[in-house]
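Right, one structure below, let's go through it.
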Amino acid sequence: QSVLTQPPSASGTPGQRVTISCSGSSSNIGSNSVYWYQQLPGTAPKLLIYKNNQRPSGVPDRFSGSKSGTSKSATSASLAISGLRSEDEADYYCAAWDDSLSGVVFGGGTKLTLL
Amino acid sequence: QVTLRESGPALVKPTQTLTLTCTFSGFSLTTSEMCVSWIRQPPGKALEWLARIDWDDTKYYSTSLKTRLTISKDTSKNQVVLTMTNVDPVDTATYYCARTYKVVTSNSFDIWGQGTMVAVSS
């Protein structure tokens, strides 16, 4: 059972926009930044979003992150992917530092499928 | 170019101690705000963070595995070592090491190793 909650699956057609949610608590998402990782089949995860909505160099602007609000009551975040492409088929994980656990917690992952 | 590479045994027996080494290049663990973590992923399952060691030798452990894990660094060799005692078949997973450079990308893992698969079986 993961500390952060994600839907196990998501799907969309090429060109469509999809969003993946990530729900946590005041000790993780409510207090700290959210990160998103993309894991293509058979490969190591890759950083997609850091500090809630920042993209590392090389990540297309089709990927965007957000977190609802700025207070400890803002315990959810989401990843949006616009203009879906076949190469976006992957597993997506959210993560955050947890102050109560003094460590990083991950979501259970969302498998994105293109229809 | 920043790279990390994990190494260790592919197969260990239950109750044995697993030792994994992360050898990195392109950065130094003596640099302020630099950290290296271990993360694992059982086959077909989610990522699980295990431990982190910081530039100042501060260490953090997963609360569920804390009693079994030890993380250490050798800055002269650019290596981070993770030991896990009393392994069980549920510890079968791909083990990754990853860099955190807090100044640039906060607590994220910006560069990952390719991972090393470890099976626990008698």
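Each chain gets a letter, A, B and so on, in the order its sequence line appears, and its residues count up from 1.
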Cluster link [X] to [Y], ILVMFWY, side chain under 4.5 Å:
{"X": "B/F24", "Y": "B/V104", "value": "yes"}
{"X": "B/W49", "Y": "A/V3", "value": "no"}
{"X": "B/I53", "Y": "B/L69", "value": "yes"}
{"X": "B/V90", "Y": "B/Y95", "value": "no"}
{"X": "A/Y93", "Y": "A/W36", "value": "no"}

Count the heavy atoms of every other residue, nucleotide or ligand shown that sit under 6.0 Å from [atom1] of [X], and state whether that count exceeds 12.
{"X": "B/K77", "atom1": "NZ", "answer": "no"}
{"X": "A/R85", "atom1": "CZ", "answer": "no"}
{"X": "B/K102", "atom1": "NZ", "answer": "yes"}

*Heavy atoms under 4.5 Å from chain B: which residues of residues 43-52 of chain A carry them?*
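Checking residues 43-52 of chain A against chain B gives A/T43, A/A44, A/P45, A/L47, A/Y50, A/K51.
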*asked:* Let me confirm one number: the CG-OH distance from A/L101 to B/Y60, rounded to the nearest 0.5 Å.
replied: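 With rounding to 0.5 Å, CG (A/L101) is 13.5 Å from OH (B/Y60).
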_Once rounded to the nearest 0.5 Å, what's the spacing between atom CD of A/Q39 and atom OH of B/Y96?_
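That separation rounds to 4.5 Å.
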_If the condition is ring-ring contact (aromatic ring centres under 6.0 Å, His included), which residues does B/Y101 pass it with, not counting sequence neighbours?_
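If we apply the ring-ring contact (aromatic ring centres under 6.0 Å, His included) test to B/Y101, skipping adjacent residues, there are no hits.
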Measure [X] against the heavy atoms of chain A and call it side chain, backbone, both or neither at under 4.5 Å.
{"X": "B/I39", "value": "side chain"}
{"X": "B/Q41", "value": "side chain"}
{"X": "B/F109", "value": "both"}

*asked:* Testing the basics here: between A/Y35 and B/S108, what is the closest heavy-atom pair and its distance to 0.1 Å?
replied: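 Closest approach of A/Y35 to B/S108, heavy atoms only: CD2-CB, 3.2 Å.
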_Testing the basics here: between B/A46 and A/G108, what is the closest heavy-atom pair and its distance to 0.1 Å?_
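What the structure gives for the nearest pair is CB-O, 3.5 Å.
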*For B/D54, which residues count as a salt bridge (Lys or Arg N to Asp or Glu O under 4.0 Å) partner, sequence neighbours excluded?*
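Residues passing salt bridge (Lys or Arg N to Asp or Glu O under 4.0 Å) with B/D54: B/R52.
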*For residues 103-121 of chain B, which residue pairs qualify under salt bridge (charged side-chain N to carboxylate O under 4.0 Å, His left out), counting only residues two or more places apart or in two chains?*
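For residues 103-121 of chain B: B/R99-B/D110.
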*Please determine, among A/G107, A/S102, A/G109, the option with the most heavy-atom pairs under 4.5 Å with chain B.*
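Top count of heavy-atom pairs under 4.5 Å with chain B: A/S102.
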_Using a 4.5 angstrom heavy-atom cutoff, name the option from B/L47, B/T63, B/L50, B/N107 with the most pairs to chain A._
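Sorted descending by pairs with chain A, the first entry is B/L47.
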*So do A/W97 and B/S106 actually touch side chain to side chain, heavy atoms under 4.5 Å?*
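Counting from C-beta outward, B/S106 and A/W97 never come under 4.5 Å.
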